[in-house]
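For clarity, every value in this text was computed on a predicted model and none was experimentally measured.
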Amino acid sequence: MVDANRTAPASLRWRMLFGVWLLYACFGLTIAGLAPLVAPITRDLGMTHSEMGTVLGVWQLVYILAAVPCGALLDRIGVRKALFLGGLLIGASGLLRSLSSDFITLCLAVGIFGIGGPIISSGAPKVVSQWFQGRDRGFAMGVYITGPAIGSIVAFALTNSVLMPLFDEHWPRVLQLWAALCVLGAAVWLVVAGHGGARAAERAEADQPRPPQREVLRQLTRLPAVRLLLVMSIGIFMFNHGLNNWLPELLRADGMSATAAGYWATVPNVVGIAGSLMIPRLATPGRRLLILGTLAVFALAASLLLHFHSSPLLLAALILQGIARSSLMTVAVLTLVETPGVGERHAGTASGLFFSAAEVGGASGPIVLGVLYDATGGFAAGLGLLTGIALLLLVGVLRLQQLARRAGAVP
């Protein structure tokens, strides 16, 4: 933790965490905001499922290119300015989505999120690594990751049941409301991070000597555990984003109404909130890889159970999905940040690397599931793909254990 943080009020770190959580909630709200509106948007804009899959995944394609520069930006200009900029960008993305008139303009609007998004997702672990240590660090990471879950719950639960009827089935108004909330979240963050103690900590970090960015990237990618975690991040995000974006439509394909599918799709997010608060705190170095492997098993079981249409099995699948989705990424990032050779000083750059690699999977997940749906007329093939990804994640955990034994410690 930066020395200046130790002289700041004890409550400041929790206010900083709240500001990050709020921005991450806006992040999740913007990601999930399109999923409940797939049917009216595809109808009104004359789009196919493959085109909508491309829209749902296009921001990840931009994200891949933007994540590393955004991580470097965080390390250089500080989290206060960078996260404020990120919040404004995701708000702009939401507003422009509401003004889209066809497939191309919607793609461009969603793509802007790919610039603001990595600033938020890379900045959150950097803030936590600066202001929290030990078990509190794992707890804080679990807290901020509930933000996207809350945002997704709001989007899934309110869009078709409350907001669409309230706005006379006019979906652009829903997206404009989400955009306004994102701008409000950015403003709140700017106030919180403007505290004198936070600015003193930011100046203290800026005064530290910093090697050239290329050298930092070279040092990080030389670490075997870092390289493996980057590969695993692709699978984690392909599973999470593919299933998250298509879950309401998957449930509707099984005969649910749009409103019922929206409510059922909130189950993983509700479960994920509890998982996010408990699991990362339990993921201490001695049992972190065991927990990571267990989460991969839960993802595997969820992808298998989603083939069944009975309510008890479907509920079990959604619960397991929620536990896995809420903590797989968090525990992986925690492992990365605490890998020897990374640390809080390079947390922004390392997180940028992680999310840049991860969004290869995040982008391809929704696209591939949409293409497989059009090719087969259903989601069975897509679910089979997700099962294979979960199996590969298990193999990755075993490899991390081998690297840890060779190093004489658990990463």
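In this structure, W189 contributes its side chain and L23 its backbone to no donor-acceptor pair below 3.5 Å. In terms of modelled atom types and a separation under 3.5 Å, the side chain of S100 and the main chain of R97 share a donor-acceptor contact. Looking only at distances, a side-chain donor or acceptor of R227 sits under 3.5 Å from a matching main-chain atom of R222. In this structure, the side chain of S98 engages the main chain of L95 through a donor-acceptor pair within 3.5 Å.
Separating the CD1 atom in I389 from the CG atom in L391 is a distance of 10.0 Å, to the nearest 0.5 Å. Rounding to the nearest 0.5 Å gives a distance of 11.5 Å between CG of L45 and CD1 of I104. Separation of atoms NZ (K126) and CD1 (I119) is listed at 13.5 Å; rounding is to 0.5 Å. Going from atom CG of L17 over to atom CG of L22 covers 11.5 Å, rounded to the nearest 0.5 Å. Interatomic distance, L398 CG to L289 CG, rounded to the nearest 0.5 Å: 9.5 Å. To the nearest 0.5 Å, atoms CG (L243) and CG (L250) are separated by 7.0 Å.
Between I90 and C26 the shortest side-chain heavy-atom distance falls below 4.5 Å. Side-chain contact between Y24 and S121 is present, with at least one heavy-atom pair separated by less than 4.5 Å. The shortest side-chain heavy-atom distance between I279 and L295 falls under the 4.5 Å cut-off. L318 places a side-chain heavy atom less than 4.5 Å from the side chain of Q321. Side-chain atoms of V360 and M238, non-hydrogen and from C-beta on, never get closer than 4.5 Å to each other. Using a 4.5 Å heavy-atom cutoff, the side chains of L400 and L229 are in contact. A 4.5 Å side-chain heavy-atom check between M329 and V333 finds at least one atom pair inside the cut-off. Taking the side chain as every heavy atom from C-beta outward, F139 and P280 never approach each other to under 4.5 Å.
A search for side-chain contact (heavy atoms from CB on, under 4.5 Å) contacts involving R43 returns P40, not counting sequence neighbours. When the side-chain contact (heavy atoms from CB on, under 4.5 Å) test is applied to A274, no partner is found at least two apart in sequence or on another chain. Under the side-chain hydrogen bond (donor to acceptor under 3.5 Å, both in side chains) criterion, R399 pairs with Q402, not counting sequence neighbours. Under the side-chain hydrogen bond (donor to acceptor under 3.5 Å, both in side chains) criterion, T330 pairs with no residue, sequence neighbours left out. Residues forming a side-chain hydrogen bond (donor to acceptor under 3.5 Å, both in side chains) with T105 (at least two apart in sequence, or on another chain): D102. Not a single side-chain hydrogen bond (donor to acceptor under 3.5 Å, both in side chains) links W178 to another residue, sequence neighbours left out. Partners of L392 by side-chain contact (heavy atoms from CB on, under 4.5 Å), not counting sequence neighbours: none found. Partners of E51 according to the salt bridge (charged side-chain N to carboxylate O under 4.0 Å, His left out) rule, which considers only residues two or more places apart in sequence or in another chain, do not exist here.
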Extract all donor-acceptor atom pairs below 3.5 Å that involve side chains of residues 147-168 and protein atoms in other chains or at least two apart in sequence.
unit_1, atom_1, unit_2, atom_2, d
S152, OG, P148, O, 2.9
T159, OG1, A155, O, 2.4
N160, ND2, P36, O, 3.1
S161, OG, A157, O, 2.4

Which pairs would a plain distance check flag for residues 377-385, meaning a side-chain donor or acceptor within less than 3.5 Å of a matching protein atom at least two apart in sequence or in another chain?
none

Residues 299-306, side-chain donor-acceptor partners within the protein, below 3.5 Å, at least two apart:
unit_1, atom_1, unit_2, atom_2, d
S303, OG, L300, O, 2.7
S303, OG, T387, OG1, 2.7

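Screening residues 56-111 for ring-ring contact (aromatic ring centres under 6.0 Å, His included) gives W59-Y63, W59-F113, W59-H241 as the qualifying pairs, with residues at least two apart or on separate chains.
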Evaluate V110 against L96 for side-chain contact (heavy atoms from CB on, under 4.5 Å), listing each step before the verdict. CA-CA 8 Å; V110 173; L96 292 174; over 6 Å; no
Start with the C-alpha gap between L37 and L175, add the side-chain angles, then the distance that decides, and say whether side-chain contact (heavy atoms from CB on, under 4.5 Å) holds. CA-CA 10 Å; L37 298 171; L175 297 178; 3.9 Å; yes
Derivation and outcome, side-chain contact (heavy atoms from CB on, under 4.5 Å), residues W264 and L314: CA-CA 9 Å; W264 275 83; L314 177 60; 3.8 Å; yes
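Closest approach of M232 to L393, counting heavy atoms only: O-CD2, 3.5 Å. The heavy-atom pair separating Y144 from V128 by the smallest distance is CD2-CG2, 3.5 Å. Of all the heavy atoms in V20 and A124, the pair that sits closest is CG1-CB, 3.4 Å. Shown here for A296 and L328, the closest heavy-atom pair between the two residues is N-CD2, 4.1 Å. For V79 against G123, the heavy-atom pair with the smallest separation is CG1-O, 4.5 Å. Taking each heavy atom of A193 and R80 in turn, the nearest pair found is O-CD, 3.2 Å.
Here the two rings, on F132 and W14, have centers that are under 6.0 Å apart.
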